[in-house]
Amino acid sequence: MRRRPHGLVYALLAVSLAVNLIGAGYFLGAGFADYRSARHGKPPRTVESTIDYVAGRYPAPVAAKVRAKLEAKRPELSTAFDEMRLARRETRKAIKQQPLDKARIEAAFAASRDKAVAFQQLIQSAIIEALPDLPESERNAIEKDDDPD
């Protein structure tokens, strides 16, 4: 006659199965999260992230002045940013249009380029406005990028 396994064996098997399923779920979930973040890339750019990026490119004393000037221009930056996004959206629509209209695409790219330049000019004007408020020692602390020029 064979003996049936004890309840303890069944309990250990159940615990082992549960631990394995939880571990597999964790690793699959973490893998999916990595896949999703790689697939979607960075979060979309906003006026706030642009201000953070631009101010973050400078040493702390300079960054504070640049940030203040950018914050003062936030309404104009928001308008220019929205216009730039709209122009890019129109460019995508022109590219997808059937039949293909090369003149419309060229005009859409030109409008998009103009809006991007206007947005960049606002950012650069804020930087220029911040410079006179800075002592020479702080302006000299601005490091050059890795760019050879």
Side-chain angles (χ1 to χ4, degrees), residues 1-102 104-127 129-130 134 138-139 141-149:
M1 216 189 263
R2 287 187 164 188
R3 288 182 62 188
R4 290 182 94 195
H6 295 284
L8 180 61
V9 173
Y10 286 125
L12 289 174
L13 285 172
V15 168
S16 173
L17 180 63
V19 168
N20 283 321
L21 289 175
I22 290 170
Y26 174 78
F27 287 115
L28 287 175
F32 179 72
D34 290 343
Y35 166 76
R36 184 180 166 121
S37 65
R39 185 171 166 231
H40 292 291
K42 297 178 186 175
R45 186 164 74 162
T46 63
V47 171
E48 184 62 37
S49 67
T50 300
I51 291 172
D52 288 343
Y53 175 77
V54 172
R57 305 265 303 151
Y58 296 97
V62 178
K65 299 281 187 185
V66 169
R67 178 178 294 282
K69 296 298 182 179
L70 288 168
E71 290 291 348
K73 290 183 178 277
R74 184 182 283 273
E76 298 108 302
L77 284 169
S78 292
T79 300
F81 183 78
D82 291 342
E83 289 174 357
M84 182 176 64
R85 287 180 61 197
L86 182 61
R88 288 179 176 169
R89 190 174 302 129
E90 289 301 317
T91 301
R92 287 190 300 274
K93 284 182 187 176
I95 290 170
K96 294 176 183 178
Q97 179 185 358
Q98 291 298 331
L100 189 68
D101 183 351
K102 186 177 176 184
R104 180 177 175 213
I105 295 170
E106 288 173 350
F109 271 127
S112 181
R113 190 170 42 252
D114 291 343
K115 298 300 180 183
V117 166
F119 184 66
Q120 191 172 36
Q121 283 176 329
L122 277 169
I123 293 169
Q124 291 170 351
S125 70
I127 295 168
E129 289 173 17
L134 297 170
E138 289 179 3
R139 285 197 321 268
I142 297 172
E143 291 293 321
K144 195 167 128 177
D145 284 340
D146 294 335
D147 189 17
D149 290 328

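The model shown is predicted, which means the values in this text are computed figures rather than measured ones.
- Within a 6.0 Å radius of CZ in Arg104, more than 12 heavy atoms belonging to other residues, nucleotides or ligands are found.
- In this structure, the side chain of Ser49 does not engage the main chain of Arg45 through any donor-acceptor pair within 3.5 Å.
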- Check step by step if side chain to side chain contact (heavy atoms under 4.5 Å, CB included) holds for Val66 and Val54. CA-CA 8 Å; Val66 169; Val54 172; 4.1 Å; yes
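- With sequence neighbours excluded, the residues that form a side chain to side chain donor-acceptor pair (under 3.5 Å) with Ser125 are Lys73.
- When all heavy atoms of Arg88 and Ala116 are compared, the closest pair comes out as NH2-CB, 4.3 Å.
- For Ala63 against Ala55, the heavy-atom pair with the smallest separation is CB-O, 3.0 Å.
- Here CG of Leu122 is found 10.5 Å from CE of Met84. Values are rounded to the nearest 0.5 Å.
- Not counting sequence neighbours, the partners of Asp52 by the side chain to side chain contact (heavy atoms under 4.5 Å, CB included) test are Glu48, Arg67.
- Once rounded to the nearest 0.5 Å, the distance linking CD of Gln124 with CD of Gln121 reads 7.0 Å.
- Here the shortest heavy-atom pairing between Ala126 and Leu70 reads CB-CD2, 3.5 Å.
- For Pro61, the side chain to side chain contact (heavy atoms under 4.5 Å, CB included) partners are Pro59, Glu138, not counting sequence neighbours.
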- Task: Evaluate the side chain to side chain contact (heavy atoms under 4.5 Å, CB included) criterion for residues Ile51 and Arg74: first the C-alpha distance (whole Å), next the side-chain angles of each, then the deciding distance (0.1 Å), finally the verdict.
- Result: CA-CA 9 Å; Ile51 291 172; Arg74 184 182 283 273; 3.7 Å; yes
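- Residue pairs meeting the ring pair (Phe, Tyr, Trp, His ring centres under 6.0 Å) criterion with at least one member in residues 45-70: none, sequence neighbours excluded.
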- Task: Step by step, work out the side chain to side chain contact (heavy atoms under 4.5 Å, CB included) result for Leu12 and Ser16.
- Result: CA-CA 6 Å; Leu12 289 174; Ser16 173; over 6 Å; no
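- Residue Ala72 comes nearest to Glu76 through the heavy atom pair O-OE1, 3.9 Å, listed as atom of the first residue, atom of the second, then distance.
- Inter-residue side-chain proximity for Thr50 and Ile123 is flagged as met; some heavy-atom pair is nearer than 4.5 Å.
- Here Lys65 pairs with nothing under the salt bridge (charged side-chain N to carboxylate O under 4.0 Å, His left out) rule; sequence neighbours left out.
- With rounding to the nearest 0.5 angstrom, the CG atom of Asp82 is 10.5 Å from the CG atom of Leu77.
- Applying the ring pair (Phe, Tyr, Trp, His ring centres under 6.0 Å) definition to pairs two or more places apart or across chains, those involving residues 66-97 are Phe81-Phe119.
- Here the OG1 atom belonging to Thr79 is positioned 10.5 Å from the NZ atom belonging to Lys115, to the nearest 0.5 angstrom.
- Note that the CD atom of Glu106 and the OG1 atom of Thr91 stand 12.0 Å from one another [nearest 0.5 Å].
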